[in-house]
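A short worksheet on the structure shown next.
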Number of protein chains: 2
Amino acid sequence: MTQLIKARQGIITPEVQQLAAVEGLTPEELSQRVAQGRVVILKNKGRQGMAPVAVGEKLRTKVNASIGTSSDCVDFEDELKKLRVAGNAGADTIMDLSTGGDIDGFRKQVLHSTTLPVGSVPIYQAAMESIAKRGSIVDMTAEDMFEVIERHAADGVDFMAIHVALNQSVLERLKIQGRVTDIVSRGGAFLTGWMLHNDRENPLYAQFDRVLEIARKYDVTLSIGDAIRPGCIADSLDRAQVQGLVVVGEMVQRALDAGVQVMVEGPGHVPADQVAATILLQKQLCHRVPFFVLGTLVTDIAPGYDHITAAIGGTLAAMSGADFICYVTPAEHLRLPTAEDVHAGVIAARIATHAADLVKGVQGAWEWDLAMAKARKALDWEKQIELAIDPGTAQRIRGERNAAGAEACSMCGNYCAMKVVGEYLGKPKENC
Amino acid sequence: MTQLIKARQGIITPEVQQLAAVEGLTPEELSQRVAQGRVVILKNKGRQGMAPVAVGEKLRTKVNASIGTSSDCVDFEDELKKLRVAGNAGADTIMDLSTGGDIDGFRKQVLHSTTLPVGSVPIYQAAMESIAKRGSIVDMTAEDMFEVIERHAADGVDFMAIHVALNQSVLERLKIQGRVTDIVSRGGAFLTGWMLHNDRENPLYAQFDRVLEIARKYDVTLSIGDAIRPGCIADSLDRAQVQGLVVVGEMVQRALDAGVQVMVEGPGHVPADQVAATILLQKQLCHRVPFFVLGTLVTDIAPGYDHITAAIGGTLAAMSGADFICYVTPAEHLRLPTAEDVHAGVIAARIATHAADLVKGVQGAWEWDLAMAKARKALDWEKQIELAIDPGTAQRIRGERNAAGAEACSMCGNYCAMKVVGEYLGKPKENC
C-alpha cells in the first residue's frame with residue numbers, strides 16, 4: 001500500500017507522524033492532505049536508511065538539486081562531491097540525471113551516499129542503453145522503457161520524472177502553432193524523436209497503467225515530466241503547453257485513482273507576469289497535486305546568471321503555490337555544473353523558496369527573518385553569521401574588509417545607522 | 001529654467017529630443033511625461049560632457065550603482081575602479097556616497113571620470129564636516145546642510161538624495177509603534193540624532209524652499225530620501241513608513257509646484273507580497289513621480305547574497321511600476337563592496353529590470369529574449385555569448401568544460417534536446 005492509499009484509509013503512517021512534526025502540523029492534518037493528493041511523501045517503500053520528505057500544499061517549499069554525468073563528462077568523484085555539496089547547502093532532494101558511464105552503478109552509489117530522497121529520469125538511461133544495444137534512440141522498445149523504470153524503482157529511487165503526458169495530440173498542436181525553441185525537455189526530445197520516427201503513440205502514455213503498477217508496487221512518487229515546457233520566454237503558455245497540461249491533468253486523475261502518489265513538473269521559461277497564471281492553471285487542471293517547477297526563468301538573456309533568473313521566477317512561482325523548486329545553477333545553458341555551481345544554485349533556490357515561505361505563512365519562516373533583524377539591530381555579528389543562509393560565505397565576505405571585532409561594518413564604519421540611532425532613539429533626551 | 005518648466009511651456013529641449021529616440025518615443029510623448037512630473041531628466045544644467053538619462057513611467061527601468069569611500073576604507077583608486085566596472089557592466093547612473101577622505105576632491109574626480117549622471121547624498125558630507133569642525137553631528141547647523149547641498153549642485157551633481165520628508169510627526173509615530181530596526185537610512189539616522197538631541201524640526205523639512213531654490217537653479221533632480229524605510233521584513237508598511245510617505249507626497253507636490261524635477265526613494269526590506277502595494281501607494285500618494293527603490297530585499301536572512309534577494313524584489317518592484325533600481329551587492333550588510341561585488345550587483349539589478357521590462361512592454365526588451373532563443377535553437381554559440389547580459393562571464397563558464405567548437409554543451413553533450421528534436425521535428429518523416 002502507498003502512503004496515499006493508507007492516508008485514505010485513515011492510517012497515520014510513521015512517515016506522516018514524523019513529517020507532521022517537522023512541518024508544524026498535526027499528523028491528522030498532514031494525513032488528510034496526503035489523502036487528497038495535495039501532499040506527497042517522497043520515500044520508496046524499499047529504500048532503507050533515508051529520511052522521507054513531504055512536498056505539497058502549505059508545507060515548506062522544497063528544493064531539488066540535480067546532479068549526474070553526461071556523455072561528455074563522466075567523473076563519479078566529482079558528481080559525488082556535488083551530492084555532498086548540495087546536501088550541505090540545504091537541498092531537500094537529489095535527482096540523478098546521469099547519461100554517461102556506469103549509470104546503474106552511479107545511481108546505487110547515490111542512493112547509498114545520501115539520506116535525502118533521490119529522483120531519476122529513467123528514459124535517459126533507456127535511451128543511452130538503446131544506443132548501445134540497438135544503435136539509436138528511435139529503435140528503443142517499449143519494453144526497454146518499462147524495464148528501466150522498474151530497475152530504478154527496485155533500486156530504491158523515491159520519485160521519477162516520467163513523460164507520460166506527451167502524446168501525438170500534443171505534438172500535433174506543437175506543429176500547428178510552431179515554436180521558437182520546440183522541445184527543450186531532454187526526455188521529451190527523445191520521445192518526440194521516437195514518436196515521429198516510428199509514427200507511434202508514446203508508450204508511456206499508451207501504457208500508462210504499467211507505469212502506475214510499478215509506482216504503486218514501490219510507492220514511487222510519479223513526477224509527470226514536463227516534456228512540452230516552453231524553452232524560451234516567447235513560447236510560454238502557448239497552445240501546445242496548455243494542451244500538454246490538459247493531458248497531464250488526465251494522467252494525474254488516473255494516478256490518484258490508482259492510489260499512486262503524483263506530482264507535476266512545470267516550466268521552465270516564463271515571463272514574470274505569467275508565472276501566477278501558469279501555477280494557477282496547473283493547480284486547477286491537475287487536482288491541486290504538488291507542482292515541481294524547473295526555475296522558473298524570467299528571462300532568456302542571462303546565461304551565467306540563471307541561478308538568479310530562476311530565483312526571481314522561483315519566488316514568484318512558490319508565492320503562487322508551487323511546492324517544489326528544481327534549482328538552476330550558473331552553468332545552466334552553458335555546461336555541466338561544477339560543485340561550486342551546485343552550491344550557488346542550491347543557495348539561490350533556497351533564498352527564493354524562503355522569500356515565498358515568508359508570505360505563504362510557513363512555520364518558522366517569519367521568525368528566522370525576525371531573529372536576523374534583531375541581531376542586526378544589536379550589532380551582534382556572531383549571531384548574524386550564525387543565522388545567515390550560508391554562514392561560511394557571509395563570514396568570509398565580512399572578514400575581507402573588517403577589523404576583527406569591529407562593532408559596525410566597513411560599509412558605514414562609525415557612522416552605521418544602527419549605531420547612530422541606537423544612541424538617541426528611545427532614550428530620554430537628558431541622557432544624550 | 002528646469003526641464004520640467006520647459007516641458008510645461010511646450011519647449012522640446014535637446015535632451016528630450018535625444019532621449020525620446022533612445023527610449024523609442026516621440027519627443028512630444030516624452031516631453032508630456034516630463035511636464036506631468038512622471039519622467040525626470042537627470043542632468044545638472046551646469047554639467048558638461050555627460051549623457052543625460054530619463055527615468056520614469058513606461059521607460060526602460062534604470063539601474064544605479066553606488067560607490068564611495070567610508071570612514072573605514074579610503075582608497076580613491078579602488079573607488080574609481082568601481083566606477084569603471086559599474087559603467088562597463090551597464091549601470092545607468094552612479095551615486096557617490098563617500099564619507100571618508102577628501103570628499104570634495106573625490107566627487108570632482110567622479111564627475112570628470114564618467115559621462116553617466118551622478119547622484120550624491122549631501123547630508124553625509126555635512127555630517128562628516130560637522131564632526132571635523134564642531135566635534136559632533138548633532139552640532140551641525142542648518143547652514144552647514146544647505147551649504148553642502150549648494151556645493152554639490154555647483155559641482156555638477158545631477159541628482160541628490162535629500163531627506164526632506166523626515167519630521168517630528170514621523171519620528172513620533174515611529175516611537176508610538178516601535179520597530180525592530182528603527183532607522184536604517186544613514187542620512188535619516190544622522191538627522192534623527194540631530195532632531196532628538198536638539199529637540200528641533202528637521203531643517204531640510206522646515207526650510208524646504210531653500211532646497212527647492214538650489215535644485216531649481218541647477219536643475220538638480222531631487223530624490224526624496226527614504227529616511228524612514230523599513231530595515232527588515234518585520235517593519236515593512238508600518239505606520240511610521242506610511243506616515244513618512246504621506247509627508248513625502250506633500251514635498252513632491254511642493255517640488256512640482258516650484259518647477260523642480262523630483263523622484264521618490266523607496267524601500268528597502270519588503271516581503272514579496274507587499275511589494276506591489278508599496279509601489280502602488282507611493283505612486284498614488286506622490287503624483288506618480290518616478291520611484292527609485294533600494295532593493296527591494298525580500299528576505300533578511302541572506303547576507304552574502306543580497307544581490308539575489310534584491311533581484312527578486314527589484315523585479316517585483318519594477319513590474320509594479322518602480323522606475324529606477326538601486327543595485328545591491330553581495331557585500332550588503334557585511335562590508336564595503338569590492339569592484340567584483342559592484343560587477344555582480346549591477347548585473348543582478350539589470351537582470352531584474354530586464355525581467356520587468358519584458359512585461360512592461362519596454363521597447364526592445366522582448367526582441368532581446370527572442371534573439372537569444374533563436375540563437376539557442378540554432379546552437380549558435382557565438383551569437384548566444386554576444387547576446388548574453390554579461391558576455392565575458394558566459395564565455396568563461398562555457399569555456400571551462402566544453403571542447404572548442406562543440407555543437408552542444410557539456411550538460412547534455414550529444415543528447416542535447418535542441419539537437420535531437422532539430423533532427424526530427426518539422427522534417428518529413430522519410431528524411432529521418
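What you are looking at is a predicted structure, and each value in this text was computed from that prediction instead of being measured. So you know, we letter chains A, B, ... as the sequences are listed, proteins then strands, and number each from 1.
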Based on non-hydrogen pairs under 4.5 Å, which of B/A373, B/C232, B/G399 is most in contact with chain A?
B/A373
Among A/G193, A/A371, A/G100, single out the residue with the greatest number of heavy-atom pairs under 4.5 Å to chain B.
A/G193
What pair of heavy atoms forms the shortest contact from A/S236 to A/V270, and how long is it?
OG-CG1, 3.8 Å
Given side chains that start at C-beta, do those of A/L379 and A/C416 come closer than 4.5 Å, heavy atoms only?
yes
Sort B/P391 into side chain, backbone, both or neither according to what part of it lies under 4.5 angstrom from a heavy atom of chain A.
neither
Please flag which part of B/H333 lies under 4.5 Å from any non-hydrogen atom of chain A: side chain, backbone, both or neither.
both
When the 4.5 angstrom heavy-atom criterion is applied to B/T181 and chain A, the contacting part is both
Relative to chain B, which segment of A/I347 carries a heavy atom at a distance below 4.5 Å: side chain, backbone, both, or neither?
side chain
Please look at A/L387 and chain B and tell me whether the side chain, the backbone, both or neither of the residue comes under 4.5 angstrom of a heavy atom of that chain.
backbone
I'd like to check the salt bridge (charged side-chain N to carboxylate O under 4.0 Å, His left out) partners of A/D235; sequence neighbours left out, ordered by chain and number.
none
Contacting region of A/I131 [heavy-atom separation from chain B under 4.5 Å]
side chain
Return yes if some donor-acceptor pair links the side-chain N/O of B/E367 with the main-chain N/O of B/G364 below 3.5 Å, else return no.
yes
Just by modelled atom types, is the B/V138 backbone N or O under 3.5 Å from a matching donor or acceptor in the B/N198 side chain?
yes
Quick one: list whatever passes side chain to side chain donor-acceptor pair (under 3.5 Å) with A/R229, sequence neighbours left out.
none
Heavy-atom pairs under 4.5 Å with chain A - which of B/D72, B/I312, B/T299, B/I301 has more of them than the others?
B/I301
Smallest separation among heavy atoms of A/V328 and A/G295, with atom names
CG2-CA, 4.1 Å
Applying a strict 4.5 Å limit to non-hydrogen atoms, the region of B/R376 in contact with chain A is side chain
What residue, out of A/A378, A/P303, A/G188, A/A344, has the most heavy-atom pairs lying under 4.5 Å from chain B?
A/P303
Check each atom of B/I397 against the heavy atoms of chain A and say whether the ones under 4.5 Å are side chain, backbone, both or neither.
both
Note: vs chain A, highest number of non-hydrogen pairs under 4.5 angstrom among B/P337, B/G314, B/A348, B/A127 is B/P337
Donor-acceptor under 3.5 Å (A/W194 side chain, A/D139 main chain):
no
If you tally heavy-atom pairs under 4.5 Å against chain B, which of A/R186, A/M372, A/R401 wins?
A/R401
Ignoring hydrogens and angles, tell me if any N or O in the side chain of A/W381 forms a donor-acceptor pair with the backbone of A/E407 under 3.5 Å.
yes
Measuring heavy-atom distances to chain A, does B/M411 have an atom under 4.5 Å in its side chain, in its backbone, in both, or in neither?
both
Chain B: which of A/K374, A/H269, A/H354 shares the most heavy-atom pairs with it under 4.5 Å?
A/H354
Note: A/A302 and A/T309 closest approach over all heavy atoms is CB-CG2, 3.7 Å
Selection from A/V298, A/I233, A/T338 maximising heavy-atom pairs under 4.5 Å formed with chain B
A/I233
Region of B/F190 that comes under 4.5 Å of a non-hydrogen atom in chain A:
both
Which heavy atom in B/V275 sits nearest to a heavy atom in B/G313, and how many Å separate them?
CG1-O, 4.2 Å
Okay, B/S185 and chain A: the region with an atom under 4.5 Å from a heavy atom over there is backbone
Would you call B/D341-B/R335 a salt bridge at under 4.0 Å N-O?
yes
Look at A/R396, A/K419, A/M319 and state which one has the largest set of heavy-atom pairs under 4.5 Å with chain B.
A/M319
Under a 4.5 Å cutoff for heavy-atom pairs, which residue among B/G231, B/G68, B/S70, B/A356 has the most contacts with chain A?
B/S70
Keeping B/S410 on the side-chain end and A/L336 on the backbone end, is there a donor-acceptor pair under 3.5 Å?
yes
Let me know if B/M195 has heavy atoms under 4.5 Å from chain A in its side chain, its backbone, both or neither.
neither
Select, from B/V359, B/I389, B/T69, the one with the greatest count of heavy-atom pairs under 4.5 Å involving chain A.
B/V359
What part of B/L316 lies closer than 4.5 angstrom to a heavy atom of chain A: side chain, backbone, both or neither?
side chain
Residues A/K360, B/D273; criterion salt bridge (charged side-chain N to carboxylate O under 4.0 Å, His left out); working and verdict
CA-CA 9 Å; A/K360 275 171 145 178; B/D273 64 345; over 6 Å; no
